[in-house]
K.L.:
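Okay, handing you the structure first.
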Amino acid sequence: MSRYNAHVAEPKWQQKWQEAEVFKATRDESREKYYVLEMFPYPSGVLHIGHVRNYTMGDLTARYKRAKGFNVFHPMGWDAFGMPAENAAMKNNTHPGAWTYQNIAEMKNQFSALGLSHDWSHEFATCDPEYYGQQQALFLDFLEAGLAYRKNASVNWDPVDMTVLANEQVENGRGWRSGALVERKELTQWFFKISDYSEELLTALDGLDKWPEKVRLMQKNWIGKSQGLQFNFKTIGAPSGFEQLEVYTTRPDTLFGASFAAVSADHPLAKALESDAQVAAFNATCRQMGTSAEEMEKADKIGFDTGIKVVHPFDASRELPVYIANFILMDYGTGAIFGCPAHDQRDLDFARKYDLDVVPVVSPDGESYEITTEAFLDAGTLINSGFLNGMDIDSAKAEIIKRIEKAGSGEGKTNYRLRDWGISRQRYWGCPIPVVHCPDCGVVPEKKQNLPIKLPEDVTFDKPGNPLDRHPTWRDVDCPKCGAAAQRETDTMDTFVDSSWYYARFTSDKSDTPTNMEDAKYWMNVDQYVGGIEHAILHLLYSRFFARAMAKTGHLPESAIEPFNALFNQGMVCHETYSTTGPDGRPVWHSPDEVITKDGVTTLRSTGELVTVGPSIKMSKSKRNTVDPLEQIEQFGADTSRWFTLSDSPPERDVEWTTSGAEASWKHLQRVWRLADEISQCADDAPKGASAAQALLKATHHAINDVTYGFENFAFNKSIAKLYEFTSALAKSKAGNAEKREAMKIMALLMQPVTPHLSEEIWELLGGTGMAVNAPFPLADPELLVENTVTLPIQINGKRRSEITVAKDLSKPEVEKLALSDHAVIKALQGNPPKKLIVVPGRIINVVI
RNA sequence: GCGGGCGUGAUGGAAUGGUAGACAUAACAGACUUAAAAUCUGUGGGCCGUAUGGCCGUGUGGGUUCGAGUCCCACCGCCCGCACCA
């Protein structure tokens, strides 16, 4: 009996697949395509166990769909720009490019060891000039279409990394990489006009029915649509140019409850008043305030009374004080509000502090009442509100908007939280923004024939900041328009730009335009996208915007504006933690291979010291609870890792990596191999018994049916469970060897998307035609899934008491008769008729007494 | 604060409103073995009972239903996202 040796079999089959180019996809209009894509990795140089899970799931889908007859497109590439390369360059005195391409080479080897069915012929890295040159072409088209523009904006500035950070890269007021306190800074930056698509990006979410509900909701909240009224107050005592103050509100119905107005410290009015030292000092205080969650929780509402008043639009006798307040955001609405303390908690807190009026204008019962410490936010009837009295909130909103619009001092307005996407980064290792700054012509787009604008090779990272900025021979150029001495834009693009269209580039990666319409029409959209939930908003929202912008500029068909038909977010891989107590009383973490568990006691291998076993949490370097996928492959082979990451836990949930679980997977695969080996060594004898053969056939088709269901529905753990069952059934079967051989061949094909190498070995051993990877996926025969008899549980008053086995299509009256003659039922009825008798055909019987 | 999700054996988890705990892990017992490993077989929610069997059981309390892990209401706990968004 031979033992299955993964270390020999796996490289062998990987090579055979490669030689036969089985995963190479070519456009073929006569076949239905299926585009499977996993979020492409950052080439850190190290394959993580999380990659294994992500790419195994995508690979399973790709292999399964291939076996189902689809023309599967499964490309792979590298998200290769970004700061780690610059940091490595600084640390090791290398070039970011050299470091990156070295990592790519290493990671590609590690990926191939997993036996993934990628079509590498489309491979690119986003740092290839052929890729980012096309990205520059897209930028120029976006610029021409008005989708890219430059403006002065207040941005998050990381003083250590010396670059702008996106809002999401700021955590608790600190730069996510450097940990430095982030500063607000006014800079002229490039933006993409994603806000043009706010409404469309929101409404189109409804159509993404194969996306997780959670992701759609997160995007919806992120876009943050609100409907309200934007209008002008007349001011009294304001500086020249500020005769009016424009505010935004979603509660125009509460206008009669207004007791103050407030503006942001960054509002033009607040700035105009800064000649007053007190105002300047107050504004400075506001700007310094932390933006972290706890700080905001604790922060008091503070305000500065400017002495300016605004006049109530419907009661000229009422004048409201205008404050500068720390809780008003400049970049939402108009940066100015009116405060209605009775119906807004913040306004109430503020009013209590500065002793302002609190007048309820919405009442639950139509009667007036006192507001104490909590604002009233529910629905109700308008009171204390002149012409609005007696109306409900919606009518009152409509009425106010109507009157304000009639008076010409404002209009109903929809606002979105989503802001334009700032893409300028003061970094070297990114895609250069292809424009030139000319003293005479201003901002001049680079000519397309000059693309790509390549990054210079001769750069140093011995100083902080952007090396492009201090690279005169690269920076100083002639103006493309007038030829005068000018300077290149030295900012590069946010790396999220790179990943916003790579899926489209894969469809025609050699094209000298960003895409090729014919290819894009055939291959787009991505039918199944697989990746982590951490990209729920940014990457996926940016990609949705990009696809629309590319359609508008003629680079994608209209049908591809939602680039990902289906999205799946896989869970993380977790592991127990192991710690001992160090001399300073703090925990010392140990890696899984440093400890040993025997008889339920976990100790250190080296010293025998007792180890505290912590809960299973996300693998991280700091807790040292990582397992190295390469070591796992070394020990058990890739198929075992693939099998284990898919078993036990549902794909969307976190999976716990245990040594025993990995070993058990390995043992099971060995068992399958042994079974196949035994079958291969027996002559095909005459059928032993028709009933055993029939039972095996039925078990086989149930397995086909159930495994298929799991593969189709991202319930891979259930498919694995069914494969375990099928293995047991086959091992115990008394059917003849010919029947067992057929069952085992079907087993190999069912397992092929999960354990492709082992499947090939078994397929070959049992004389399958060609390679298993090219064999069609088995199809269940519906005839073999139905049973002739069915066992019906009998409940008495909803509790299971007995069961009867009857013919599948026995009539309901017959079943009732049989049920009533069951010994448990007779005993329970004691001669009385049942109150009710429920028979659910093929399911259950319930006797109510 | 707002929004969303989840609570099932020692553990990961199964269960179109219809026999709760499939499958797997850990554990225990047995077979094989001089022994171990490997392999195979079996037991496996709790309590009572020799047993047929009975009672209880899916975070807690209620409800709908012939029947609830599943649907509805309230509460408790945990997790995630957003957060001074007017």
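Just so it is clear: chains get the letters A, B, ... in the order the sequence lines come, proteins before strands, and each one is counted from 1.
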K.L.:
Tell me the partner of B:rU50, counting only Watson-Crick (N1-N3 plus N6-O4 or O6-N4) or G-U wobble (N1-O2 and O6-N3) with both under 3.5 Å; none if nothing fits.
P.N.:
none

K.L.:
Could you tell me the separation between the CZ atom of A:F644 and the P atom of B:rC23, rounded to a whole number of Å?
P.N.:
18 Å

K.L.:
More than 12 non-hydrogen atoms from neighbouring residues, nucleotides or ligands closer than 6.0 Å to NZ on A:K225, yes or no?
P.N.:
yes

K.L.:
Could you run through nucleotides 3-19 of chain B and give me one letter per nucleotide, 5' to 3': B if any protein heavy atom sits under 4.0 Å from the base, S if only the sugar-phosphate is that close, - if neither?
P.N.:
S--------BSSSB-BB

K.L.:
Start at the 5' end of RNA chain B and walk down; is the nucleotide closest to A:V847 or to A:A664 reached first?
P.N.:
A:A664

K.L.:
Provide, to the nearest angstrom, the distance between the CD1 atom belonging to A:I223 and the C1' atom belonging to B:rC85.
P.N.:
15 Å

K.L.:
Please check the phosphate of B:rA83 (OP1 and OP2 only) for any side-chain N or O of A:R417 closer than 4.0 Å.
P.N.:
yes

K.L.:
Do A:D420 and A:S195 have a side chain donor and acceptor closer than 3.5 Å?
P.N.:
yes

K.L.:
So, does the side chain of A:K722 form a donor-acceptor pair with the base of B:rC23 at under 3.5 Å?
P.N.:
no

K.L.:
Rounded to whole angstrom, note down the C1' distance from B:rA10 over to B:rG21.
P.N.:
14 Å

K.L.:
Quick check against the 3.5 Å criterion: does A:T334 have a side-chain atom that pairs as donor or acceptor with the backbone of A:E246?
P.N.:
yes

K.L.:
Would you say NZ of A:K210 has more than 12 non-hydrogen atoms from neighbouring residues, nucleotides or ligands within 6.0 angstrom?
P.N.:
no

K.L.:
Could you tell me which nucleotide pairs with B:rG69 by Watson-Crick or G-U wobble geometry, both distances under 3.5 Å, or answer none if nothing does?
P.N.:
none

K.L.:
In terms of the angle between their ring planes, are A:Y354 and A:F350 parallel, tilted or perpendicular, with boundaries placed at 30° and 60°?
P.N.:
tilted

K.L.:
Taking any strand in view, what nucleotide pairs with B:rC75 in a Watson-Crick or G-U wobble way, both distances under 3.5 Å?
P.N.:
B:rG59

K.L.:
Reckon A:Y332 has a side-chain N or O less than 4.0 Å from the OP1 or OP2 of B:rA86?
P.N.:
yes

K.L.:
Between A:W666 and A:F636, what is the ring plane arrangement, given parallel below 30°, perpendicular above 60°, and tilted in between?
P.N.:
tilted

K.L.:
Across the strands shown, which category fits A:R801 at heavy-atom distances under 4.0 angstrom: base, sugar-phosphate, nothing?
P.N.:
sugar-phosphate

K.L.:
In residues 372-380 of chain A, which ones come under 4.0 Å of RNA chain B, going by heavy atoms?
P.N.:
none

K.L.:
Who passes ring-ring contact (aromatic ring centres under 6.0 Å, His included) against A:F338, sequence neighbours left out?
P.N.:
none

K.L.:
Taking pairing as Watson-Crick or G-U wobble with both contacts under 3.5 Å, can you name the mate of B:rC28, or confirm there isn't one?
P.N.:
B:rG42

K.L.:
Are A:F644 and A:T658 close enough that some pair of their side-chain heavy atoms sits under 4.5 Å apart?
P.N.:
yes

K.L.:
A:F376 vs A:H343 aromatic rings, parallel, tilted or perpendicular, using cut-offs 30° and 60°?
P.N.:
perpendicular

